[in-house]
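Take a look at the structure set out below.
Quick note: numbers below take in every heavy atom, side chains included, and nothing from hydrogens, waters or symmetry partners. Residue numbering restarts at 1 for every chain, and letters A, B, ... go by the order of the sequence lines. Bear in mind that the values here come from a model prediction, so they are computed numbers and not experimental data.
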Amino acid sequence: MGLKPSDVEGIAHLARLRIAPEDVPRYAQDLSSILAFVERLEAADTEGVTPLAHPLDMAQRLRPDEVTETDQRERFQAIAPRVEQGLYLVPKVIE
Amino acid sequence: MEWEAVIGLEIHAQLATRSKIFSAASTAYGAPPNTQACAVDLGLPGVLPVLNAEAVRMAVKFGLATHSNIARRSVFARKNYFYPDLPKGYQISQYELPIVYDGWLDIELDEGETKRIGITRAHLEEDAGKSLHDAFEDMTGIDLNRAGTPLLEIVSEPDLRSAREAVAYMKKLHALVRYLEICDGNMQEGSFRCDANVSVRRRGEHRFGTRTEIKNVNSFRFVERAINYEIERQIDILESGGAVVQETRLYDSARDETRSMRTKEEANDYRYFPEPDLLPLVLDDAWIEEVGQTLPELPDAKKARFVDDYGLSPYDAGVLTATRELADYYEAVVAACGGTAKLAANWVMGELSGALNKAGLEIGASPVTAEALGGLLRRIEDNTISGKIAKQVFEAMWAGEGDADQIIDQRGLRQITDPAAIEAMIREVMEANPKQVEQYRAGQEKLFGFFVGQVMKASRGKANPAQVNAALKQLLAGD
Amino acid sequence: MHDLSAAELAAGLRKGDFTSQELTRHFLDRIGRLDERLNSFITVTADQALAEAAAADRRLAAGEGGPLTGIPYAHKDIFCTDGVRTSCGSRMLDDFIAPYDATVTERLRAAGAVMLGKTNMDEFAMGSSNETSYYGPVRNPWDTDRVPGGSSGGSAAAVAAGLAPLATGTDTGGSIRQPAALCGITGIKPTYGRVSRWGMIAFASSLDQGGAMARSAEDCALLLQAMAGFDPRDSTSAERPVDDYLAALARPLEGLRVGLPREYFGEGLDPRMAGVVEAAVGVLEGLGAQRVEISLPNMELSVPTYYIVAPAECSSNLSRYDGVRFGYRCQDPVDLEDLYKRSRGEGFGAEVKRRIMIGTYALSAGYYDAYYLKAQQVRQLIVEDFRRAFESVDLVLGPTSPTPAFRLGEKVDDPVTMYLSDIYTIGVNLAGLPGMSVPAGFIDGLPAGVQLIGNYFDEARLLNVAHRYQQATDWHRRTPEGFA
């Protein structure tokens, strides 16, 4: 199935990616060819096949409820683009 | 036109674990911003989640207490959306296979009836951080201390038909999670939050109307008001020929109204898929049974026992079992006073609750301990003091002046029960009021109360009222 | 010293032929002189390496340390290294100084290995040619007009050119095996869950696995032994003991059943590549192995399956790069949406954006069942194919890649053609099996590799077979001209 430029814009919005308008047709073409390729899967007979999410047949391990992490704010915020008073800053969010 | 409201609640209860659901950072409330956000909570590149055993145990406790099914295999999923307080850009939750499903809870309606409310599911997920909108001029500040706190999202069936039912259900759940000690229930701190799905339809109609979701209402009172407002609003729309828009609304408690959230009009597409960093959660029967053995006595069972063992009315038993702390307090009072459970009930629900309310204190913070209150009630039982004097003593105990016996002694409040002393006081009163004696004897029997009052006043309230009554009757009769 | 194996270097260190500091200086010097032709390193950590080497020398002098103590290695820039930039080949993380160590980093540090630097890679490991790196393409030391393969192209080129005796890699769809083949070295991707993913920057969580790259199977065994093991910080880490890989190397191959899947030798395979594989099978037969024809009927669906599963997981894994807590943030965002869209739009390269969009689309409402769910079902079929195969064979053997190294830029404009270069490796990731590439010949002067696929947690056998093969051949000893 081919993607139209407007489809690409919708997907890019959902993924929060800015795509320059002049690049949109190229993405539409590339994504369409990838989708055409993966659509070969349609031919597979998967009637009654259990989907496999994970290669390992293991169950989730549980962690004891213990606090072992200490405050590393200074270290972590040293690599943050913008912090003030210990808070990460983003442009004003209007609710 | 008769309308019927259809309400379902989604309750988010923060689970009272020490560490977060997927990391070993503390969940303690109120730390300086971002000091309890570890690498996992921040979603740093390369980090991975590992599930907290205690969160699982708590979810199972809840499931068992609500007659729910416990999934032997449940699966975590990612709910994808962008928001600054959601560090990874997805929330780890459960989607198709939740840990708890198909249960119920009975709520009490005003008429003493009970109604069974279905619990569709309860699933484990992680909380988001907090956005602080007021701290800076043009910026929003993000504190991720809360990110990763375990939540149990409890989804009810749309079985509730009024705001009052919704509140009754919510209160019942609130009491339950605190009984189970899986959530501290602190609504101010956001430990117990409610989203309400509300729609209305014509009575008799089977299909649901279009619903709106009211987000994050943080008190019982506001839930009631918000739902009532929303019901009215929807009825108004429908009666004027309009259509309800499916949307998320916020309750503004200052204006007592709900309003549409001004988020961009786009259908949320959360792109749920199984969380590949976690494996299926598999629970076996033996483990579940082991958890079941740790369940405390639950509110309904406790209430029934209070009625049976203490001879309380269902109403009183309901009040006293509303919280586990109150019930425990009450039982400790009964044990300490060794007297009638009814007297203890009256005092706990009366004087004590009144004083706590006035002071804005929780039962756990009561300056009068259950043992101390029991000590006071013992003195009523053994006639050392009257009920009226006991109220004075209670006030002094509340003010920290000592235990009941100390206060009774210090203030000389011990009841006068010596028949001779009482007779002497009565004679004094009669001598001081010859006219009234004459009138009484002439048939004005309602003056009896006047004499009781005078005697009690003369004894400064300490005379045993029953004895005063009996002796007065005799002496006034003029023998 | 750079023509010695890691095992030989370890012996030399113990005998006192040279110190770790001398060894480290030697490799740092080669990197300084030769890497401008290859671009295999993003960051060289010379000072830290020399300090680590000095510490290793002290340990060795005290008679302490293990087989890796004092041995230099190159670390793929996808593993977090405390205090050292960890870029993942992306502008997004160009200034990301990791505040913690990956488990693999920690284990190698504890073993006393000396990190020379961080190697170049396709951006977020998404690529098969190392051309998607923000830091420019890596060149193949056998022909610098050609690609080294990807995504662990920097590691493969560095080892092939003798800039490091050992290198780490990660493999999501062939990212260790394919560049190993294209650069003429040995590389092993162990069973999913064998090497901890903690601190290994995620591309596709259910497929990613760290592994070892070196010239020989013996050196891979040495490195993998230190990397592998249970890690409580990774829920998908296997809680089972690690075999003694070195002890297993010399086992005889008599009676070994080698499965040759019909589907690996069909159209699309360079006939000369088929010849290389055939010759390798011949060598193994000479060592006592027997060939068994097998079929993996759903293998042709592995690439399309992968290009749903991997992008779906990556679209979600890469959502955390939002310009808020770390990483690239656009200049002067006007609002939150602008912050997100420009930070991500400018911070990610084209291939990463393509995959995020494919994954976003495949998971979105209305398409989930047709794409993601379908792919998961086909993934099950692929797993079953392998399971059936391992009922009758001990090992599956085939080519690693359909062709030797292609030219830079040759496939860059055609994503699907590029994706097909991993046609033989991807099924192994979907199944979570261990796989290995071993140098097995040359085509027009370019190296060619054969792939060995083992049953779950059978790394010891893969290394054993590769080692015996390498004792009978010398393909892995060849060095590219100009890097002697």
Side-chain angles (χ1 to χ4, degrees), chain A residues 1 3 6-19 31 34-35 38 41 46 48-95, chain B residues 17-20 22-28 31-42 44 50-57 73 75-76 80 82-84 89 129 131-133 135-144 250 261-263 266 269 271 273-276 278-282:
Chain A
M1 191 186 77
L3 291 182
S6 62
D7 297 327
V8 171
E9 283 160 7
I11 299 165
H13 172 68
L14 203 50
R16 299 296 185 274
L17 291 169
R18 189 187 124 76
I19 303 293
L31 299 187
I34 296 168
L35 288 174
V38 299
L41 289 182
T46 52
V49 176
T50 313
L52 181 121
H54 226 279
L56 290 188
D57 186 20
M58 296 196 318
Q60 179 59 36
R61 207 164 0 87
L62 300 179
R63 176 179 67 76
D65 182 25
E66 287 160 9
V67 176
T68 55
E69 293 289 345
T70 52
D71 173 19
Q72 294 195 67
R73 185 173 81 179
E74 213 170 308
R75 261 168 85 67
F76 292 151
Q77 295 199 337
I79 51 169
R82 192 147 173 216
V83 284
E84 223 170 291
Q85 297 168 34
L87 296 164
Y88 295 96
L89 295 193
V90 298
K92 194 94 173 173
V93 178
I94 303 143
E95 272 191 342
Chain B
T17 55
R18 285 187 286 269
S19 63
K20 294 186 177 172
F22 299 120
S23 84
S26 170
T27 54
N34 292 308
T35 55
Q36 286 175 182
C38 71
V40 173
D41 307 327
L42 293 175
L44 288 184
V50 185
L51 182 58
N52 185 335
E54 196 56 32
V56 175
R57 192 168 293 124
R73 183 172 179 278
V75 169
F76 286 91
N80 294 285
F82 286 90
Y83 201 73
S131 297
L132 305 167
H133 302 297
F136 305 94
E137 185 85 356
D138 308 316
M139 307 296 280
T140 291
I142 309 295
D143 174 9
L144 298 172
L250 271 182
M261 283 177 82
R262 285 175 299 168
T263 44
E266 62 177 57
D269 188 343
R271 290 161 283 138
F273 75 107
E275 160 60 293
L278 293 167
L279 299 167
L281 175 60
V282 176

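Each of A:Glu84, A:Arg75, A:Gln72 has some count of heavy-atom pairs under 4.5 Å with chain B, and the biggest count is that of A:Glu84. Highest contact tally toward chain B, considering only A:Met58, A:Arg61, A:Gln77, A:Glu74, is held by A:Met58 [criterion: heavy-atom pairs under 4.5 Å]. With chain B as partner, the option from A:Pro91, A:Pro51, A:Pro64, A:Ala15 having the largest number of non-hydrogen pairs under 4.5 angstrom is A:Pro91.
The shortest side-chain heavy-atom distance between A:Arg73 and B:Pro33 falls under the 4.5 Å cut-off. The shortest side-chain heavy-atom distance between A:Phe76 and B:Leu144 does not fall under the 4.5 Å cut-off. Put simply, the side chain of B:Ser131 does not reach to within 4.5 Å of the side chain of A:Val93, judged on heavy atoms. With contacts defined as side-chain heavy-atom distances shorter than 4.5 Å, the pair A:Arg82/B:Met139 qualifies.
Interface residue B:Pro280: backbone and side-chain heavy atoms are both found under 4.5 Å from chain A. For a residue to count as touching a neighbouring chain, one of its non-hydrogen atoms must lie under 4.5 Å from one of that chain's; by this rule B:Ala37 touches chain A with the backbone only. Both the backbone and the side chain of B:Val50 have a heavy atom closer than 4.5 Å to some heavy atom of chain A. Contact of B:Leu51 with chain A is made through backbone and side chain together, with heavy-atom distances under 4.5 Å. For B:Arg271, the part lying near chain A is the side chain, with the backbone staying farther off; criterion is any non-hydrogen pair under 4.5 Å.
Without hydrogens or angle criteria, A:Arg63 side chain to B:Ser23 main chain gives a donor-acceptor distance under 3.5 Å. Judged by distance alone, the side chain of B:Asn34 and the main-chain N or O of A:Gly86 form a donor-acceptor pair under 3.5 Å.
Nearest approach of A:Val67 to B:Arg18, heavy atoms of both residues: CG2-O, 3.5 Å. Closest approach of B:Gly141 and A:Leu87 over heavy atoms only: CA-CB, 4.0 Å. Scanning both residues, B:Phe82 and A:Leu14, for their nearest heavy atoms gives CE1-O, 3.6 Å.
The NZ atom of A:Lys92 sits 5.5 Å away from atom OG1 of B:Thr140, with the distance rounded to the nearest 0.5 Å. Taken from CD in A:Glu69 to OG in B:Ser26, the straight-line distance is 11.0 Å, to the nearest 0.5 Å.
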